[in-house]
Amino acid sequence: MKQPEVALPAEVANFKKLQAHFRPQVIVLVLLKSSYFLAQIVCFWLFSAMMHQLIVAQQHVVESHFYWFGVSASCWVLLRHTAQNYEISFDFKIKQALETRIHQQLAIQQQALANQYSTFHWQQVFLQHIPAVSAYLSQYLGQKYLSVLIPLFALVVVFSENWLVATMLLVSLPLVPVFMVLVGHRAASIHRKHLVSLERLGGIFIDRLKALSTITTFNQHKEQSQLLHSASKLVNQQTMKVVSVAFLSTTVLDFFATISIALVAVYIGFSLLGELSIGPAMTLQQGLFLLLLAPLLFSELKNLGRLYHQKAEAEAAWESLLPLVKLVKCLPELHKKGEFRGINWLSFKVETPTMSAPMLHLMPGQRVHLQGPSGAGKSSFLHALMGFIESSHCLSGSSVLLGQSPVVLPTSVRDNLSVGHSYKDEEVWSALQKVQLDKVVKAMPLGLDTQLGEHPPLSGGELQRLMLARVLLKPADVILLDEPTAHLPEAQHVELSKLIYELTKGKTVIWASHKALPNAWFDLDWRISDGVIKTYKATIGVKHNA
Amino acid sequence: MRSPWLALFLAIIHGLSGLAILLIASWFIAACAVAGMGFNYVLPAVAIRGLALLRISSGYGEMWLSHQQLLAKLAKLRLTLFQNLENQTDNLRATETDKLSYQSQDIASIWVGWVHQNATALLAMFAMSVFVFFALPVFSFEWFVFMGWSLIIYAWLMLSEVKRAQRKILRRAEFEFKMEHHIETAPIWHMMPTYQYPKCHSIYDAEKQDKQRIEWAFSLLLLGSLTALLFVIIKTDALVGIAGIAPVALVLPMAMLAANDWFGRVFHTRSRLQDYLTSKTGVSQQSTTQNERLNTQVNSLQLIHFQVNESAQDSVELTLEHASLTLLTGPSGSGKSRLLQAISGLLPHRGRKLVNGVAIQSNTLVSDVAYIDQHPYCLSGTLRQNLLIARDDAKDSELTRCLSQVGLDDFSDLDEWLGEGGRILSGGELKRMGLARALLCLQSTVLIDEPFEALDAENVEVIANVLNQMKDVKKLVLASHIIPPNLRVDKQISLKEKASEVELNPSCGAR
């Protein structure tokens with residue numbers, strides 16, 4: 001797998017750690033953005049100077065001002081473009097890093113991880129959750145610093161020009177967060193009051209879409225539409241109550257930004273007129289410069305407000321990403337080329353789900369019957385043996401696992417059997433013959449090249465035999481069987497079990513089943529109950545099967 | 001208040017007053033700097049403060065009003081979407097419900113997210129043009145070149161969107177499909193030579209390009225405005241000494257210096273336009289397979305060579321004329337559920353289905369036949385709503401009686417919220433809720449899928465007795481692989497072998 005340009009740290013225990021990991025990039029971003037602000041302020045100063053010269057002095061502009069303005073304006077454009085593009089590619093790299101990491105995990109944990117979540121959840125992970133986290137890291141974090149740095153910086157510049165205006169702004173600036181917090185609390189308390197009803201009624205639209213067949217069978221669509229109508233009316237009323245207050249926080253910011261600019265403008269004007277004699281004397285250059293600087297004190301706070309929703313979204317998204325990016329201690333044996341030389345393990349352990357075995361022995365060529373009530377962890381045990389979940393030991397050499405439900409690719413029969421390997425036609429046909437599917441496939445219009453599509457024209461038993469043929473084709477030292485007949489009716493179960501037994505003779509087999517199998521087929525008997533695996537010698541001659 | 005124009009008007013006031021404050025303020029201080037004693041400073045000072053108040057109040061008004069309209073529009077849109085899905089036989093999958101949910105949001109928010117900003121920016125452009133034309137005709141050329149430049153960037157950015165929006169849907173749909181498939185094949189990944197996965201890369205890359213385009217637009221606008229500004233200064237400089245430079249000459253350079261604020265901000269709304277366009281297409285593509293519905297009472301139901309469409313199962317023969325209990329047996333996976341769904345019309349069928357002797361088309365829902373799912377759906381709603389879905393005019397006393405009949409006595413509060421955000425039912429409770437619905441409903445024919453699964457022995461007996469009573473008044477068809485000894489079965493159909501009707505209790509037919 002190609003490594004992304006920005007790699008994630010090996011251990012991402014929590015969101016803080018992840019943020020800390022990306023701090024250097026965030027700092028570069030903040031520096032870039034600050035530098036373009038600097039260029040912008042220089043531009044403003046030169047602009048004011050030139051305007052003063054033209055309008056008040058009625059003289060030609062100082063030539064050097066003109067050229068320096070050109071230079072600083074170019075710097076402004078260039079630095080801005082660089083900073084924004086840095087942010088975009090930073091965002092892209094985080095997405096790539098997260099995507100790669102999750103697939104690394106999937107490559108290790110395979111079905112043990114993949115099957116924990118619905119396919120919808122997996123789609124959401126890549127389309128929603130990763131972008132939410134990357135947006136937060138690339139935009140919000142930097143903006144948090146900027147919304148403090150830039151106003152302070154602007155304030156220092158204003159102070160150097162005119163202490164009185166600086167003081168005016170300094171007084172109004174801290175009021176902004178104070179009022180925003182007050183408004184926020186009020187909105188939150190109204191929201192809390194309606195929380196339950198907002199959550200419940202807000203979800204009704206989606207809920208009723210999921211219940212369409214129930215609504216249809218009882219012919220209640222009109223009644224449910226009515227219900228939906230009144231529910232959304234209520235939700236909207238309550239939402240409006242919350243947002244009426246919540247919007248005030250934007251208005252507060254708007255209020256201070258607008259009023260302070262208006263007041264600064266009026267003050268500057270009156271000072272210039274000589275109507276006011278408080279504070280230092282002023283020229284148009286200073287006045288104009290101050291007027292241009294004043295909005296900068298609020299604009300970054302506004303941007304932060306615009307991005308504020310990213311925080312909650314990223315935190316929620318991170319909740320779902322955390323179990324996927326946590327690095328499972330990779331089991332080296334899994335990918336080690338080599339042969340299966342048997343199991344001779346002392347104190348085998350699995351952390352989640354808790355499982356242990358004081359002693360496990362298995363010689364190559366031996367056959368194990370793995371038993372235990374459903375839910376006891378037979379599948380998890382097999383996953384641990386395969387190295388899909390974290391455990392103290394796992395199988396060496398190559399092994400293959402056949403599960404309960406057939407997995408069919410919508411491609412040809414051949415592709416379904418070879419799954420990326422290239423086998424000769426004779427090999428494929430011989431495997432099909434072994435599982436007694438050769439006639440079925442020969443009867444298909446294009447033989448091995450027949451497309452199976454989304455709904456394969458095969459019965460459940462036939463599909464499972466196709467899966468068996470796939471397993472037989474793959475040269476593996478150990479064959480693990482996870483209830484391959486669970487979904488089949490009794491007669492087919494007996495038939496397929498026999499077939500599996502015949503075809504895997506002489507191989508190392510671990511066969512989990514809670515349907516009955518003849519004891520004579522096995523050398524060993526492993527039983528899982530209460531998280532402990534106990535081993536017995538299979539008692540030959542006693543048959544459970546009817 | 002339904003019309004969105006008032007909110008739009010307020011948005012325009014909000015935007016234009018912001019620009020006006022900046023321009024009037026700069027003119028004002030310039031005028032103050034050069035003015036003699038006769039300058040009337042009161043009026044502009046009042047105007048600036050007045051505009052500030054206007055901006056603040058119109059800002060709040062716009063937010064409030066447009067949000068209210070957004071919510072109303074969203075509600076209406078969703079209701080229409082829901083109504084279009086009448087007689088839909090499939091539950092929507094999570095991907096689809098999620099899509100409908102965010103797509104309706106995208107559509108509803110086009111006014112507040114795009115129209116307001118764009119109308120304001122374009123109007124500001126127009127207002128500036130009028131101002132320059134009358135107040136500063138000397139600079140008309142510079143202004144119109146700058147305006148042309150800005151509008152070209154704007155048009156390029158927004159028009160290129162229409163094309164990209166189409167591709168975005170395809171890309172997303174393709175990824176969703178591939179990902180679903182990828183996860184479904186997880187059990188065989190370890191057999192493949194290497195782990196390969198559907199890359200979300202192309203989607204991330206497209207998003208990156210979108211953002212880069214917007215940044216290019218910003219940079220080009222800034223470049224254009226600063227360059228235009230330099231030319232304006234050169235021209236003004238050339239006029240020094242020839243004509244006096246009035247304070248009003250400051251207005252145009254100021255507007256250009258701040259162009260990214262009052263015009264450039266619309267560039268960010270491009271993604272909203274994209275979302276709107278994609279969603280609009282998405283919602284219009286939403287399949288609305290309208291199924292027919294037959295509303296007559298079912299006195300007799302006859303199935304001849306009946307089977308589920310596209311199933312390999314043998315066909316079924318069945319006649320239901322009187323209240324009775326028919327049991328459908330067979331191993332799991334033999335298609336019992338699908339057969340029941342086909343009988344009720346939820347799935348298409350082959351062969352013949354006769355209601356009161358009249359053949360019924362495939363895909364026709366029969367109102368008088370109710371199907372109780374193997375996993376009954378618990379609506380996110382009160383217990384009462386969950387029961388009234390079966391019969392909307394049932395009295396509370398009837399509801400409680402049905403609940404106690406199926407052994408759900410501890411569910412006494414009919415106003416209790418169930419499902420998401422409330423009490424979550426266990427598998428057995430859900431099963432009995434389904435039976436309570438079966439008891440309540442007025443349908444003469446009720447098809448129940450696996451009524452005894454997930455119940456303990458005691459409850460199996462209770463439910464079997466309830467069904468024994470129910471079969472005296474209704475035509476019941478059960479699909480079950482568990483057959484309680486006390487269940488009084490009239491007919492049994494086994495799906496394992498060649499499906500055939502077996503008369504168990506001939507006396508029943510004569511009733």
Side-chain angles (χ1 to χ4, degrees), chain A residues 54-56 60-61 73 77 81 84 88 92 95 99 103 107 110-111 114 119-120 122-123 126 199-200 203 205-207 209-214 216-221 223 225 229 232 236 243 247 251 254-255 258-259 262 265-266 268-269 272-273 284 287 403 407 419-420 460 474 487 489, chain B residues 25 28-30 32-33 45 48-49 52 55-56 59-60 63 67 71 75 78-79 83 86 88 91-92 94-95 97 101 176 179-180 183 185-193 195 197 200 204 208 211 215 219 222-223 226 236-237 240 245 331 333 367 370-371 377 379-380 389-390 392 420-421:
Chain A
L54 289 169
I55 293 169
V56 180
H60 291 289
V61 293
V77 177
H81 198 75
Q84 296 302 97
I88 293 168
F92 181 68
K95 282 182 192 160
E99 188 192 15
H103 282 296
Q110 306 248 329
Q111 47 182 299
T119 53
F120 174 63
W122 283 108
Q123 290 165 347
F126 293 102
E199 263 181 11
R200 285 174 175 176
F205 173 63
I206 289 185
D207 182 74
L209 290 178
K210 288 185 194 153
L212 279 175
S213 75
T214 308
T216 302
T217 192
F218 289 116
N219 198 8
Q220 290 281 316
H221 205 89
E223 289 75 6
S225 302
H229 179 65
S232 56
N236 288 356
V243 298
F247 283 161
T251 307
D254 211 18
F255 177 83
T258 316
I259 285 294
V266 172
I268 295 168
L272 286 171
L273 270 178
L284 174 64
V407 175
V419 285
K474 178 152 165 99
H487 294 316
Chain B
F28 174 66
I29 58 173
C32 289
I48 290 171
R49 279 173 286 194
R55 178 174 161 82
I56 295 159
Y60 183 79
M63 276 192 290
H67 205 80
L71 289 175
R78 288 185 170 173
L79 193 65
Q83 280 165 344
E86 184 164 0
Q88 189 80 10
N91 295 329
L92 293 191
T95 329
T97 55
S101 156
E176 278 171 349
M179 196 68 208
E180 186 174 347
I183 294 297
T185 56
I188 60 168
W189 291 345
H190 70 280
M191 294 189 200
M192 299 179 177
Y195 173 75
Y197 59 90
C200 204
Y204 296 157
K208 182 181 164 186
K211 287 187 195 161
E215 287 315 323
S219 296
L222 191 62
L223 190 70
L226 292 176
T236 321
D237 193 59
V240 167
I245 310 299
S367 295
Y371 167 73
Y377 190 85
L379 299 169
S380 169
I389 184 95
D392 55 290
E420 213 160 302

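To find a chain, count down the sequence lines: A is the first, B the second, and so on, and within it residues start at 1. No hydrogens, no waters, no symmetry mates; every other heavy atom, side chains included, goes into these values.
- Between chain A and the options B:A33, B:C200, B:S367, B:P193, heavy-atom pairs under 4.5 Å are most frequent for B:P193.
- Of all non-hydrogen atoms in A:A114 and B:W189, the two that sit nearest each other are CB-CH2, 3.7 Å.
- No donor-acceptor distance shorter than 3.5 angstrom exists from the side chain of A:T258 to the backbone of B:A52, with no hydrogens or angles considered.
- Closest heavy-atom contact between B:P187 and A:V407: CG-CG2, 3.7 Å.
- Residues B:I389 and A:F218 come closest through the heavy atom pair O-CB, 3.2 Å.
- You'll find the side chain of A:F92 stays beyond 4.5 Å of the side chain of B:K211, heavy atoms only.
- In terms of heavy-atom pairs under 4.5 angstrom with chain B, the leader among A:V266, A:I268, A:I88 is A:I88.
- Shortest non-hydrogen contact noted between A:K210 and B:T97 is CG-CG2, 4.0 Å.
- Of the atoms belonging to A:F255, heavy atoms from both backbone and side chain fall under 4.5 Å from chain B.
- For the set B:L222, B:I48, B:T185, the entry with the most heavy-atom pairs within less than 4.5 Å of chain A is B:L222.
- The OH atom of B:Y377 lies 3.5 Å from the CG atom of A:D207; values are rounded to the nearest 0.5 Å.
- When heavy atoms are compared at a cutoff of 4.5 Å, A:Q111 approaches chain B by way of both its backbone and its side chain.
- From A:N219, atom CG reaches atom CD of B:E86 across 7.5 Å, with rounding to the nearest 0.5 Å.
- Remark: B:E180 pairs with B:R93 by the salt bridge (Lys or Arg N to Asp or Glu O under 4.0 Å) rule, at least two apart or across chains.
- Chain A forms more heavy-atom pairs under 4.5 Å with one residue of B:L223, B:L226, B:T236 than with any other, namely B:L226.
- Among A:E223, A:H229, A:K474, A:K95, the residue making the largest number of heavy-atom pairs under 4.5 Å with chain B is A:K95.
- B:R55 is linked by a salt bridge (Lys or Arg N to Asp or Glu O under 4.0 Å) to A:D254, counting only residues two or more places apart in sequence or in another chain.
- Across A:V61, A:L54, A:I55, a single residue satisfies side-chain contact (heavy atoms from CB on, under 4.5 Å) together with B:V240, and that is A:L54.
- Rounded to the nearest 0.5 angstrom, B:E176 CD and A:F126 CZ are separated by 13.0 Å.
- Taking A:G420, A:G203, A:S213 one by one and counting their heavy-atom pairs under 4.5 Å with chain B, the maximum is reached by A:S213.
- Taking the six-membered ring where tryptophan is involved, the planes of A:H103 and B:Y197 are essentially parallel, since the angle between them stays under 30° and well short of 60°.
- Interface residue A:Q110: backbone and side-chain heavy atoms are both found under 4.5 Å from chain B.
- When the candidates A:T119, A:L212, A:L284 are compared by the number of heavy-atom contacts under 4.5 Å with chain B, A:L212 comes out ahead.
- Heavy-atom pairs under 4.5 Å with chain B were tallied for A:A73, A:S225, A:A262; the largest tally goes to A:S225.
- By number of non-hydrogen pairs under 4.5 angstrom with chain A, the leading residue of B:K208, B:E215, B:M192, B:H190 is B:H190.
- Taking all atoms of both residues into account, the shortest heavy-atom contact from B:Q88 to A:T216 is O-OG1, 2.5 Å.
- For the set A:R200, A:H60, A:Q220, the entry with the most heavy-atom pairs within less than 4.5 Å of chain B is A:R200.
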